[in-house]
Number of protein chains: 2
Amino acid sequence: MAETIRTIPTKAQLMERLADSFSGYYGDFSLAAADAGLSASQAKTLGVLRTAPASMRALATTLACDASNITGIVDRLEKRELVRREVSPTDRRVKNVVLTTAGEETVDAIRARMHTTHAALDALDDADRAVLHDLLGRVFCGARGPRSAT
Amino acid sequence: MAETIRTIPTKAQLMERLADSFSGYYGDFSLAAADAGLSASQAKTLGVLRTAPASMRALATTLACDASNITGIVDRLEKRELVRREVSPTDRRVKNVVLTTAGEETVDAIRARMHTTHAALDALDDADRAVLHDLLGRVFCGARGPRSAT
DNA sequence: TCTATTGCTTGAGATGCTCAAGCAACGCCG
DNA sequence: CGGCGTTGCTTGAGCATCTCAAGCAATAGA
């Protein structure tokens, strides 16, 4: 990989870049979701569940909205059999929302249809992709940096 | 900066990381917007306008939604004097939406209140921030890579 | 047990969103 | 010039999303 020369961005520039990036990603995402006949909120919810099942409460926290909101979204997803409510065995108040097989396929199909994002990622080489994956993990997922060979 | 060792993520892993990252960003963003008394859509619209004024049509394209949708959002933003409609001098059909000073301050205030994101960015050093800024630009803004010193 | 808390749902009211329809301004072409 | 298709925005209908307040069932703690 080449040594690169960059100017250091200010914090405000970086925030603006994040906002622009998010805007671009979200546009691509919601168009892909619409292709699958889903709203952005529904697709976002499916996406969260792709990693692991979650309770209604956990979904509300992750999506930063009121729990009553999740009730309606999950109602509609359940009606389409993309998702299933399962009463928690350890706490009968809790309902765990689980993706059905059709639900998993839908998430994958939506991600596959994000043509703009895919094309952009294709323009990166493996090393850049690795760096991006790592940096995003550290910023948004609280991951530690990779092993350092200093 | 240290030489680092990373494993190469698959495309699917990278897509999932992007989804998680934007989920995290969106949560932080919409909480900050709510602090300012704005919905996520309203705040997103203001954010787009922070870079430059745009016509209703351009906003609809950028936000990947119907133009009639923008009418309502801009109506409400205008009612709060965060935004102004200006008839284009070159095409009287077109209305350019421009941020007021209060609007600019609101965007900046929202970005400043994104504590989770700020804290995460603070954990990066300057070099990492530069790399992140560059990679996001190449993926989502169609920017070319930085000058290479290979 | 009694009580406070937690997880989910319901209903009301505002906003977001898409579609179809409509008006005004533009552009082109005869 | 005059006609005519196109474009930019708005309106209205209909449903989804979202917040808030209220309510019920199950849990946890005293």
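Labels below follow one simple rule: chain letters A, B, ... track the order of the sequence lines, proteins then strands, and each chain is numbered from 1.
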* Describe, in one word, how the ring planes of F29(B) and Y26(B) are oriented to each other, choosing from parallel (under 30°), tilted (30 to 60°) and perpendicular (over 60°). =>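 Tilted.
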
Parallel, tilted or perpendicular: which describes the rings of F22(B) and F140(B), with under 30° parallel and over 60° perpendicular?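 Plane angle over 60°, so perpendicular.
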
- Query: How do S68(A) and R92(A) order along DNA chain D: which one's closest nucleotide is nearer the 5' end?
  - Reply: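 Nearer the 5' end of the strand: S68(A).
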
Pair [X] + [Y], salt bridge at N-O below 4.0 Å:
{"X": "E78(A)", "Y": "R85(A)", "result": "yes"}
{"X": "R129(B)", "Y": "D126(B)", "result": "yes"}
{"X": "D75(A)", "Y": "K79(A)", "result": "no"}
{"X": "D122(A)", "Y": "K11(B)", "result": "yes"}

Q. Around atom CD of E104(A), are there more than 12 heavy atoms of other residues, nucleotides or ligands at under 6.0 Å?
A.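 Counting other residues, nucleotides and ligands, CD of E104(A) exceeds 12 neighbours.
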
V74(B) side chain reached by M56(B) side chain, heavy atoms, under 4.5 Å
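SC-SC contact between M56(B) and V74(B) confirmed.
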
In whole angstrom, give the distance that lies between atom [atom1] of [X] and atom [atom2] of [N].
{"X": "I70(A)", "N": "dG7(C)", "atom1": "CD1", "atom2": "P", "answer": "14 Å"}
{"X": "L31(B)", "N": "dC18(D)", "atom1": "CG", "atom2": "P", "answer": "13 Å"}
{"X": "L59(A)", "N": "dG7(C)", "atom1": "CG", "atom2": "P", "answer": "13 Å"}

Pairs under 3.5 Å (N/O, protein and nucleotides 12-17 of chain C):
from: dG16(C); atom 1: OP1; to: S39(B); atom 2: OG; distance (Å): 2.7
from: dG16(C); atom 1: OP2; to: R76(B); atom 2: NH1; distance (Å): 2.3
from: dG16(C); atom 1: O3'; to: S41(B); atom 2: OG; distance (Å): 3.4
from: dC17(C); atom 1: OP2; to: S41(B); atom 2: OG; distance (Å): 3.1
from: dC17(C); atom 1: O5'; to: N69(B); atom 2: ND2; distance (Å): 3.0

Would you tabulate the pairs of protein nitrogen or oxygen atoms and nucleotide nitrogen or oxygen atoms of nucleotides 4-9 of chain D closer than 3.5 angstrom?
from: dT7(D); atom 1: O2; to: R93(B); atom 2: NH1; distance (Å): 2.6
from: dC9(D); atom 1: OP1; to: M56(B); atom 2: N; distance (Å): 3.3
from: dC9(D); atom 1: OP1; to: K95(B); atom 2: N; distance (Å): 2.9
from: dC9(D); atom 1: OP1; to: K95(B); atom 2: O; distance (Å): 3.3
from: dC9(D); atom 1: OP2; to: R57(B); atom 2: N; distance (Å): 2.4

